[in-house]
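Down below is the structure, laid out as structure tokens.
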Amino acid sequence: MKLKRNILLGGAAIAAAAVIAVAALASASGSTGTAKTVKTGHALGKTVLVNRAGLTLYSLSAETRGRFICTSACVSTWHPLVVKRGQKPTGAQSLGTIRRPNGQTQVTYRGRPVYTFVGDHKPGDAKGEGFKDVGVWHAATVSASTNKTPAAAPQPTTTSPGYGY
């Protein structure tokens, strides 16, 4: 009876440890970042928007007029900056929100959803700048004179809409 109880307790402890490990891994992976305040920082020799940890925020050139490209597997590399439903981001002009396909409320800057890049590990990193896939990723620069995010180029028509690459 004592052995059976120890096995049950041991199993419960392993299960609890697994739940904690999964939660920690999900938190560390940063599949999304939650923010209320967006700050400014420096990267690429420019003033850019950053999250509360000081990581550079980016937008994707192909994401315009409410069209989301970065869904599914994309968010494992590009982490959407989200706020709680009904909350408005503060800290910089031209911030707003948009509802993601999964129902989350994502922060926008000048109408474009913003993300952090998995390759950036410390303030000042901007390793996602110029990254090309279904569009081009650019750091969200603050001043109008340095925000050279180009207009989205027309995307070729394919049999697949390309959402969530």
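Residue numbers start at 1 and run along the sequence shown. For clarity, every value in this text was computed on a predicted model and none was experimentally measured.
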I need the minimum non-hydrogen distance between P123 and A53, along with the two atoms involved. CG-O, 3.7 Å
From S59 OG over to L81 CG, what is the distance, rounded to the nearest 0.5 angstrom? 12.5 Å
Euclidean distance, D120 CG relative to E129 CD, rounded to 0.5 Å: 10.5 Å
Side chain to side chain contact (heavy atoms under 4.5 Å, CB included) between C74 and I69, intermediate numbers included: CA-CA 8 Å; C74 174; I69 304 295; over 6 Å; no
Starting at NZ of K39, measure out to CG of L55 and round the result to the nearest 0.5 Å. 9.5 Å
Taking it one step at a time, do H138 and F131 satisfy side chain to side chain contact (heavy atoms under 4.5 Å, CB included)? CA-CA 8 Å; H138 292 287; F131 190 95; over 6 Å; no
Is there a donor-acceptor contact under 3.5 Å from the side chain of Q106 to the main chain of T97? no
For residues R85 and R99, determine if any side-chain heavy atom of one lies less than 4.5 Å from a side-chain heavy atom of the other. yes
With the side chain counted from C-beta on, respond yes when L60 and R112 share a heavy-atom pair under 4.5 Å apart, and no when they do not. no
At their closest point, which heavy atom of P113 faces which heavy atom of F68, and how far apart are they? CG-CE2, 3.8 Å
Under 3.5 Å, side chain of R52 to main-chain N/O of V38, donor-acceptor pair present? no
What residues form a side chain to side chain donor-acceptor pair (under 3.5 Å) with K122, not counting sequence neighbours? D125
Measure the spacing between CG of L44 and OG1 of T56 and express it to the nearest 0.5 Å. 7.0 Å
Nearest atoms (heavy-atom pairs only) where G96 meets P89: O-CG, 3.5 Å
Relative to the ring of Y58, is the ring of W78 parallel (under 30°), tilted (30 to 60°) or perpendicular (over 60°)? perpendicular
Mind checking whether V50 and V48 have side chains closer than 4.5 Å, heavy atoms only? yes
Provide the closest heavy-atom pair for K127 versus G119 in the form atom of the first, atom of the second, distance. CD-O, 3.3 Å
Is there a donor in the side chain of E63 and an acceptor in the side chain of Y115, or the other way round, less than 3.5 Å apart? yes
Where is the tightest heavy-atom contact between I98 and G66, given as atom of each residue plus distance? CD1-CA, 3.6 Å
With heavy-atom distances below 4.5 Å as the criterion, would you say the side chains of T141 and R110 are in contact? no
Could you state the interatomic distance from NZ (K88) to OG1 (T105), rounded to the nearest 0.5 Å? 8.0 Å
Beyond-backbone contact of V118 with H79, side-chain heavy atoms, under 4.5 angstrom: yes
To the nearest 0.5 Å, how far apart are CG in L57 and OG1 in T108? 11.5 Å
Side chains of V107 and L95 in contact at under 4.5 Å (non-hydrogen atoms): yes
